[in-house]
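What you see is a predicted model, and the numbers here were worked out from it, not measured in a lab. Along the sequence shown, the residues carry numbers beginning at 1. Indexing begins at 1, ligand by ligand and atom by atom, following the structure's order.
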Amino acid sequence: MTGADMLVQVLADEGVDTIFGYSGGAILPIYDAVFRYNRDHDSAMPLIVPANEQGAGFMAAGYARASGRVGVALVTSGPGATNTVTPVRDSMADSVPIVVICGQVPTTAIGTDAFQEAPVPSIMGAVAKHVFLITDPAKLEATVRTAFEIARTGRPGPVVLDVPKDVQNWQGVFLGSGRLAVPGYRQRMNRLAAAKLPEAACADFFAALQVAERPMIYAGGGVINGSAAQDLRDFSQAFQIPVVTTLMGIGAVDTTHPLSMRMLGMHGTAFANYAVDDCDCLLALGARFDDRVAGNPAKFAGNAKFIAHFDIDASEIGKVKRVDWSHVGLLSDALRALLEFGKRRGFKRDWSRWHRHCEALRAKYAMNYARDSQFIQPYYVIEEINRLTRGEAIITTGVGQHQMWAAQYFDFRSPRLWLTSGSMGTMGFGLPAAVGAQFAQRGRLVIDIDGDASIRMNIGELETVTTYDLPIKVIVLNNCGDGMVKQWQKLFHKGRLSASDKSLHTKDFVKAAMADGFKHAVRLDQKADVPRVIEEFIRFKGPAFLEVMIDRDAGVYPMVGPGQGYSDMITGEHIPSRTQVEIKAPDASEMF
Ligand SMILES: Cc1ncc(C[n+]2csc(CCOP(=O)(O)OP(=O)(O)O)c2C)c(N)n1
Ligand SMILES: [Mg+2]
């Protein structure tokens, strides 16, 4: 077999059922091998072509986020490869398993500034979980298998394969099995899989819980990535411990469940943030005290006398905040061990006072906005969509205010429905991620909640939606500019809207969608039409596009400014606040 055929056979053996990619000279042998594989295998591995390789990377990531399986992108050397740097870094930062396969110039040409050569190992080495430059064709097969293993095991992440063209054209014998040795990595993985929670650690954990009056679970993306959402639900319900989630942890628990206090952090709900301020025992699960949650680590959960931290990655323990108890291992094993221990010991604690407190916080500091405004408020639009989709749709987003409104106002009954660029905050994520998600979950309703600026970044992918006739619903909350940037400029730069206003731009999004083949492309600009237009949009059978002209001045509240504690949270005009807060410009050192 040729190297290219071997690579494609390993993809098939790994269960790959969709590839996202764009062709070019240095990847031609693999594209040809995919073509022949599909010709001979009933199109088992369709190749989905984006407008730009960044789109392919985010499609692979959207596929992975929606399914938990490894997403695959296949691109050419040089510009093809460098166009995927952003999704690779994005996937690293959010722990998403993808494999990006790049063509490379022939081994003899590497380092000569050959046509379409880029130093992929050094560029990607800085942003990926791992990079392989395959120079020995005899190791190609084992390397591809190992790439999948590294992407999906431990803390998941992106792995890049740089495959020179002569390695693709090489001929050899396909072995059908075998991986690279990677002894250090595999030892670590084996240790993680074997890491049982000792009885003594369980005893210490429950001793701390026993004396707690106000325990709170703080659940992050690791709960979802580690497929531990059900175990978290069982654990929280067995002991009746309320849960807040990070942006990445949304859906780990059913957001409509009485124990869910929804999202915490910079734009978390006021009731979540106050509850975290009030808790005396914090259980951090697959969360990493990121600056959007613990902007001021010393003040974060400042009343907690006991903090426990569970993570798959030992380097996260104590990185930001000192904790009293920690466990590095598989979260679902640990939660099941604790549940079993607690039940065996008959652990019972009456936290009804704390539950009533949380209930009262939820009622008093509920999300709210100017419901009687004459303008279309973005929150209203999301509430209306949510009424129809009931927490069952896959929601993808761009980055900005619309992303935070979606996080705050949508319900999510299950994990892997909320797909957003959390750590990197990459504008342009929403549309390609929706495409990838729709390929992973063919029967699900997929909605991209996008911003007028974010969607511009990968607007070429509108055409990809119609080319593959994906019934994706694309909605642009148009506030004529970079709303989130404006919000910070209003708060911290005396309202000087440097380069963030697009109200004089003449782009017609509806015409753009129509030009790309959308049969349903509508602009909504009258408040009275919101329920009807949204229902028509959501119920439309094929690809649908909706631009909503929202209140340009709508803000994201609550907001905890960078570097600040939750007691400094600004709640805006429509949510009460527990404290009189003065808006302070953060120090230059905190200004990000
Ligand atoms: C690729 C990229 N460039 C710049 C930014 C900085 N940024 C964050 S939000 C934002 C504005 C986003 O505007 P839009 O998509 O319209 O969303 P809105 O805040 O208006 O809802 C910008 C420029 C970013 N997050 N990503
Ligand atoms: Mg905008």
Q: Under 6.0 Å between ring centres, would you say that holds for F300 and Y566?
A: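 Yes: the rings meet the under 6.0 Å criterion.
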Q: Could you list the atoms of ligand 1 found under 4.0 angstrom from a heavy atom of N479?
A: 18 (P), 20 (O), 21 (O)
Q: Out of all atoms in ligand 1, which are within 4.0 Å of some heavy atom of A453? Include the element for each.
A: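 Answer, ordered by atom number: 13 (O), 14 (P), 15 (O), 16 (O).
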Q: Counting only heavy atoms not in R390, do more than 12 sit closer than 6.0 Å to its CZ atom?
A: no
Q: Can you list the ligand 1 atoms lying under 4.0 Å from a non-hydrogen atom of M484?
A: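 Those atoms are 9 (S), 19 (O).
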Q: May I ask you to check whether over 12 heavy atoms, not counting those of K319, lie within 6.0 Å of atom NZ?
A: yes
Q: Would you check whether L477 reaches within less than 4.0 Å of ligand 1, judged by its heavy atoms?
A: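 Flag not set, L477 not near ligand 1.
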Q: Would you say the rings of W405 and Y409 are close, in the sense that their centroids are separated by under 6.0 Å?
A: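 Not close enough - the centres of the two rings lie 6.0 Å or further apart.
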Q: Less than 3.5 Å between some nitrogen or oxygen of W405 and one of ligand 1, yes or no?
A: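 In this structure, W405 places no N or O atom under 3.5 Å from an N or O of ligand 1.
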Q: Side chains of R155 and S95: do they bring a donor and an acceptor to under 3.5 Å?
A: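 Yes, because at least one side-chain N or O of R155 sits under 3.5 Å from a partner of the opposite role on S95.
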Q: The Mg ion (ligand 2): which protein N, O or S atoms are under 2.8 Å away?
A: D452 OD1, N479 OD1, G481 O
Q: Establish, from distance only, whether the side-chain atoms of Q54 and N83 form a donor-acceptor pair under 3.5 Å.
A: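 Per modelled atom types, Q54 and N83 side chains form no pair under 3.5 Å.
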Q: Around atom CZ of F375, are there more than 12 heavy atoms from other residues, nucleotides or ligands closer than 6.0 Å?
A: no
Q: Heavy-atom distances under 4.0 Å decide this one: backbone, side chain, both or neither, for D482 against ligand 1?
A: both
Q: Can you check whether H520 and F518 have ring centres sitting under 6.0 Å from each other?
A: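 Aromatic pair excluded; centres sit 6.0 Å or further apart.
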Q: Hey, can you pull the donor-acceptor pairs under 3.5 Å for the side chains in residues 58-66, sequence neighbours left out?
A:
unit_1	atom_1	unit_2	atom_2	d
Y63	OH	D17	OD1	2.5
Y63	OH	R69	NE	3.3
Y63	OH	R69	NH2	3.0
R65	NH1	D94	OD2	3.4
R65	NH1	T420	O	2.7
R65	NH2	D90	OD1	3.0
R65	NH2	D94	OD2	2.9

Q: Just by distance, no angles: are the side chains of D162 and Q104 close enough, under 3.5 Å, to form a donor-acceptor pair?
A: yes
Q: Determine whether any heavy atom of G425 lies closer than 4.0 Å to an atom of ligand 1.
A: yes
Q: Using a strict 4.0 Å cut-off to heavy atoms of Q401, name the atoms of ligand 1 that fall inside it.
A: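 Going through ligand 1 atom by atom, the ones under 4.0 Å from Q401 are 18 (P), 19 (O), 21 (O).
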Q: Short list, please: which atoms of ligand 1 are under 4.0 Å from a heavy atom of S454?
A: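 Listed by number with element: 14 (P), 15 (O).
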Q: Select the closest option to atom 12 (C) of ligand 1 among T397, V399, T86, V485, judged by heavy-atom distance.
A: V399
Q: Tell me, which protein residue and heavy-atom name are nearest atom 22 (C) of ligand 1, and how many Å apart are they?
A: M427 SD, 3.3 Å
Q: In terms of side-chain heavy atoms, does Y557 have a donor or acceptor partner in Q487 at a distance below 3.5 Å?
A: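 No, because no side-chain N or O of Y557 sits under 3.5 Å from a partner of the opposite role on Q487.
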Q: Quick check on M514: does its CE atom have over 12 non-hydrogen neighbours (other residues, nucleotides or ligands) under 6.0 Å away?
A: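 Check fails, neighbour count at 12 or below.
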Q: Among K502, Q54, H402, Q403, which residue places a heavy atom closest to atom 21 (O) of ligand 1?
A: H402
Q: Please list, in number order, the atoms of ligand 1 under 4.0 Å from a heavy atom of G400.
A: 9 (S), 19 (O)
Q: Tell me whether K511 at atom NZ has more than 12 heavy atoms from other residues, nucleotides or ligands lying less than 6.0 Å away.
A: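 No.
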Q: At the 4.0 Å heavy-atom cut-off, does P378 count as touching ligand 1?
A: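 No.
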